[in-house]
Q: 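If you scroll down you'll find the structure; I have some questions about it.
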Amino acid sequence: MPAAAVEYPCEGEPELTLLEEAEKLADKLPGYRVEILGGSIIVTPSADGPQLIALTDLTFAFAPVHGGDTRVGQAMGVWLPDGPDDYAIPDLVVVDADFRDHHIEKNNYDPVVFRLVLEVTSSNYMADLKHKVAAYAMAKIPVYVIVDRKNSRIHVLTDPIGNEYDKHHFYAPGQQVTLPDSIGAEVVLDVDAILEAGRP
């Protein structure tokens, strides 16, 4: 997992907070995703073409939950409780329709409005498979879905307890994934189709 180098201020210059350092990096690296997980700045390269196509296909699959009490979005920041400046930017989210009333700061929203977060793995897949599991569980986000392109499977994690999820199911090619009704409507994912769309 790449962590960005921090430039220390020269004598007499005010020391930047971690959040200010992350913003500075985001300005210097357009197209990169800059997040703070567990008190460390994480920089993720721009998505590759197959990753973006898989994400688009997934967005269409989530159409049944876009409207009424919920909305589907991409790259919506979630404020995380495990550090004073921690936040993540999931690839896809299902949030309560009143999410605007729960804005915290810097384009991040209170985790209470998130019903589901989804990540399509990229080159730093360990952030999605390990660090974000703990972060999203601590934020009590009920459902975390990982499209694991490296290991050709989909993970569905539910029932957060502490810094982990009590239930963790794996789905392989040839299977269908029916997501929990708690996200707002029935959503069924075709593992083959999603993994094929995201194949590098």
Side-chain angles (χ1 to χ4, degrees), residues 33 47 49-81 87-103 108-122 125 127-130 132-199:
R33 183 170 297 180
Q51 184 181 10
L52 291 171
I53 296 302
L55 185 56
T56 299
D57 289 353
L58 284 159
T59 302
F60 288 125
F62 278 88
V65 291
H66 188 70
D69 293 337
T70 55
R71 298 290 183 270
V72 177
Q74 295 181 14
M76 182 182 289
V78 56
W79 203 254
L80 299 170
Y87 68 93
I89 306 171
D91 289 325
L92 186 137
V93 300
V94 176
V95 293
D96 293 339
D98 69 347
F99 70 91
R100 289 177 186 87
D101 298 334
H102 299 273
H103 179 260
N108 295 299
Y109 296 86
D110 190 320
V112 72
V113 300
F114 289 77
R115 295 187 184 198
L116 173 143
V117 291
L118 182 146
E119 301 283 3
V120 179
T121 60
S122 61
Y125 61 92
D128 297 331
L129 294 171
K130 184 175 180 181
K132 288 187 178 181
V133 171
Y136 293 150
M138 284 189 281
K140 296 185 179 4
I141 296 173
V143 181
Y144 178 26
V145 176
I146 307 166
V147 177
D148 183 353
R149 298 189 307 158
K150 180 172 177 58
N151 298 301
S152 298
R153 58 186 173 187
I154 293 178
H155 306 252
V156 178
L157 295 83
T158 58
D159 303 327
I161 298 175
N163 65 348
E164 61 187 13
Y165 283 87
D166 188 45
K167 295 182 179 146
H168 187 163
H169 299 282
F170 302 92
Y171 297 89
Q175 294 183 296
Q176 302 278 313
V177 180
T178 301
L179 295 174
D181 293 338
S182 63
I183 66 170
E186 182 175 290
V187 172
V188 179
L189 304 177
D190 181 323
V191 178
D192 276 326
I194 293 165
L195 292 174
E196 179 57 29
R199 185 173 52 80

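Computation of the quantities below employed the complete heavy-atom set of this structure, encompassing side-chain atoms and omitting hydrogens, waters and symmetry-equivalent molecules.
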Q: According to ring pair (Phe, Tyr, Trp, His ring centres under 6.0 Å), does anything in residues 156-185 pair up with another residue at least two apart or in another chain? List the pairs.
A: His155-His168, His155-Phe170, His168-Phe170
Q: So, Asp98 side chain and Asp101 main chain: donor-acceptor pair closer than 3.5 Å or not?
A: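 Judged by distance alone, no pair lies under 3.5 Å.
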Q: According to side chain to side chain contact (heavy atoms under 4.5 Å, CB included), who are the partners of Glu196, at least two apart in sequence or on a separate chain?
A: Arg199
Q: So does Val94 get a backbone contact from the side chain of Thr70, meaning a donor-acceptor N/O pair under 3.5 Å?
A: no
Q: Within this structure, what is the CG-CG distance for the pair Leu80 and Asp110, rounded to the nearest 0.5 Å?
A: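 Rounded to the nearest 0.5 Å, the CG-CG separation comes out at 10.5 Å.
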Q: Ala61 and Leu189: which non-hydrogen atoms are nearest, and at how many Å?
A: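 Smallest heavy-atom distance, with atoms named: CB-CD2, 3.8 Å.
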Q: Check whether Asp192 reaches the backbone of Pro173 with its side chain - one donor and one acceptor, N or O, closer than 3.5 Å.
A: no
Q: How close do Lys150 and Thr121 get, heavy atom to heavy atom, and via which atoms?
A: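 Residues Lys150 and Thr121, closest heavy atoms: N-OG1, 4.0 Å.
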Q: Would you compute the distance between atom CG of Leu116 and atom CG of Leu179 and round it to the nearest 0.5 angstrom?
A: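 The distance works out to 6.5 Å.
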Q: Quick check against the 3.5 Å criterion: does Gln51 have a side-chain atom that pairs as donor or acceptor with the backbone of Val120?
A: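 Here the side-chain-to-backbone pair exists.
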Q: Quick one, Arg115 and Asp96 - any side-chain contact, counting heavy atoms below 4.5 Å?
A: yes
Q: Does any part of the side chain of Ile146, heavy atoms only, come nearer than 4.5 Å to the side chain of Leu157, both counted from C-beta?
A: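 Leu157 reaches Ile146 side chain to side chain.
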Q: Is a side-chain N or O of Asn108 found less than 3.5 angstrom from the main chain of Tyr87, in a donor-acceptor match?
A: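 Judged by distance alone, no pair lies under 3.5 Å.
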Q: Charged N to carboxylate O under 4.0 angstrom, Arg149 versus Asp128?
A: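 Result for this pair is no, no salt bridge flagged.
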Q: Would you indicate whether the side-chain heavy atoms of Phe99 and Val93 approach each other to under 4.5 Å?
A: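 Heavy-atom side-chain distance check fails, nothing below 4.5 Å.
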Q: Tell me, which pairs form a salt bridge (charged side-chain N to carboxylate O under 4.0 Å, His left out) where one or both residues lie in residues 167-181, sequence neighbours left out?
A: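 The answer is Asp159-Lys167.
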